[in-house]
S.K.: 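One structure coming up, written as structure tokens, with questions to follow.
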Amino acid sequence: MKLTVLGCSGPYPAANGACSGYLVSAGRRNILLDCGAGVLGRLFALMDPAELDGIVLSHLHADHCADMLVLRYYLERVGKTLPVYLPVTESAMFSMLTSEVFKLHDIKLGISFDDMRIESLRVNHPVPAYAVRLSTAGKSMVYTGDTNLCDGLEAFCAGTDLLLADACFPEALWNENLPHMSAVHAAHLAAGSHAARLVLTHFSPAFDIDSLVREAENVFRPVEAAHLSLRISL
Ligand SMILES: [Zn+2]
Ligand SMILES: [Zn+2]
């Protein structure tokens with residue numbers, strides 16, 4: 001299984017950056033996790049998006065799905081449809097994604113592509129949002145999506161080979177009413193779930209990424225920061 005980071009900013013992109021987007025490849029399968037602002041152009045640099053096997057949207061905030069609206073134009077032009085797994089909600093964004101080129105499925109129902117299994121867990125965010133766990137060939141990775149502290153998340157991440165975790169806030173600025181964890185929480189999640197490695201993500205351009213990594217390293221190692229074009233093979 002290979003992870004390629006296409007975007008890791010939130011809730012808006014850094015200069016020349018992109019919001020949430022992660023390409024997960026295994027065998028001949030290519031799955032896109034989230035499709036935030038700026039992700040589609042970076043995906044085009046790697047592959048034809050019409051050849052994706054599916055798109056998983058953790059939730060329908062624009063920093064995770066805005067580029068679906070322009071992907072739609074491309075798919076209409078080439079006459080392709082793609083399966084999209086997402087929270088089914090009564091929201092303006094869900095209505096905008098209702099299109100003949102997207103075959104929409106409820107993310108809650110579980111997904112499999114050949115021997116790749118994708119499970120989901122509802123997390124703690126102001127809109128319906130899900131963490132996803134992808135497993136294939138004895139390896140697994142978990143992407144938390146956007147979440148603050150969440151019951152059940154540690155068990156969901158148990159023993160994963162790679163934890164890609166929301167680490168938006170410095171510890172000093174975090175509180176329980178915010179929509180995201182801190183980098184320290186991401187590190188505690190990695191330690192408590194016995195993850196093999198931690199990649200911090202969902203970086204706000206307002207905060208210093210190196211400081212977030214240092215905060216996390218006081219709790220768990222190895223930890224690294226997501227960045228554009230980071231590729232990890234498991
Ligand atoms: Zn976000
Ligand atoms: Zn969000």
Side-chain angles (χ1 to χ4, degrees), residues 3-24 31-43 55-71 84-97 106-108 120-133 141-153 156-157 163-170 173-186 189 198-209 212 216 225-228 230:
L3 166 71
T4 301
V5 176
L6 301 173
C8 51
S9 293
Y12 56 89
N16 290 319
C19 292
S20 297
Y22 309 93
L23 180 64
V24 180
I31 312 296
L32 180 64
L33 298 182
D34 283 344
C35 190
V39 166
L40 186 59
R42 301 187 61 78
L43 181 61
I55 300 174
V56 179
L57 301 177
S58 63
H59 64 298
L60 301 187
H61 278 155
D63 55 326
H64 297 257
C65 64
D67 271 13
M68 294 294 286
L69 304 178
V70 285
L71 174 58
V84 178
Y85 303 85
L86 76 175
V88 174
T89 63
E90 289 184 12
S91 64
M93 186 62 84
F94 188 86
S95 299
M96 285 192 282
L97 295 176
D106 192 335
I107 192 173
K108 278 191 298 207
S120 63
L121 175 77
R122 177 80 183 257
V123 289
N124 174 16
H125 202 54
V127 299
Y130 290 80
V132 291
R133 181 175 180 127
M141 65 162 279
V142 175
Y143 168 48
T144 66
D146 285 6
T147 184
N148 205 327
L149 298 178
C150 174
D151 288 343
L153 186 53
F156 186 72
C157 299
L163 175 59
L164 177 63
D166 183 347
C168 191
F169 284 104
L173 297 179
W174 177 87
N175 71 65
E176 63 185 11
N177 297 317
L178 292 170
H180 303 281
M181 295 191 289
S182 69
V184 170
H185 292 127
L189 180 61
L198 171 63
V199 177
L200 306 179
T201 195
H202 203 286
F203 297 120
S204 164
F207 306 130
D208 177 59
I209 294 172
L212 296 173
H227 57 81
L228 294 181
L230 174 65

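Whatever order the structure lists them in is the order used to number ligands and atoms, beginning at 1.
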S.K.: Under 2.8 Å from the Zn ion (ligand 2), how many protein N/O/S atoms can be counted?
M.R.: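 Step by step: take the Zn ion (ligand 2), keep protein N, O, S below 2.8 Å, and you get 4.
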S.K.: In Å, rounded to the nearest 0.5 Å, how long is the span from CG of Leu57 to SG of Cys35?
M.R.: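 Answer rounded to 0.5 Å: 7.0 Å.
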S.K.: Quick one: side chains of residues 122-130, donor-acceptor pairs under 3.5 Å with protein atoms, not counting sequence neighbours, listed by atom name and distance.
M.R.:
| unit_1 | atom_1 | unit_2 | atom_2 | d |
| --- | --- | --- | --- | --- |
| Asn124 | ND2 | Leu149 | O | 2.7 |
| His125 | ND1 | Pro179 | O | 2.9 |
| His125 | NE2 | His59 | NE2 | 3.4 |
| His125 | NE2 | His61 | ND1 | 3.1 |
| His125 | NE2 | Asp146 | OD2 | 3.4 |

S.K.: Show me the donor-acceptor pairs within less than 3.5 Å that the side chains of residues 84-95 make with the rest of the protein, sequence neighbours left out.
M.R.:
| unit_1 | atom_1 | unit_2 | atom_2 | d |
| --- | --- | --- | --- | --- |
| Thr89 | OG1 | Ser91 | OG | 2.9 |
| Ser91 | OG | Phe94 | N | 3.1 |
| Ser95 | OG | Ser91 | O | 3.2 |

S.K.: Looking at Asn175, I'd like to know if its CG atom is crowded, meaning that more than 12 non-hydrogen atoms belonging to other residues, nucleotides or ligands lie closer than 6.0 Å.
M.R.: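 Atom CG in Asn175 is crowded, with more than 12 foreign heavy atoms closer than 6.0 Å.
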S.K.: Can you name the residues that form a side-chain hydrogen bond (donor to acceptor under 3.5 Å, both in side chains) with Asp208, not counting sequence neighbours?
M.R.: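 Residues passing side-chain hydrogen bond (donor to acceptor under 3.5 Å, both in side chains) with Asp208: Ser211.
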S.K.: Going from SG on Cys168 to CH2 on Trp174, what distance comes out if it is rounded to the nearest 0.5 angstrom?
M.R.: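 Between Cys168 SG and Trp174 CH2, I get 13.0 Å after rounding to 0.5 Å.
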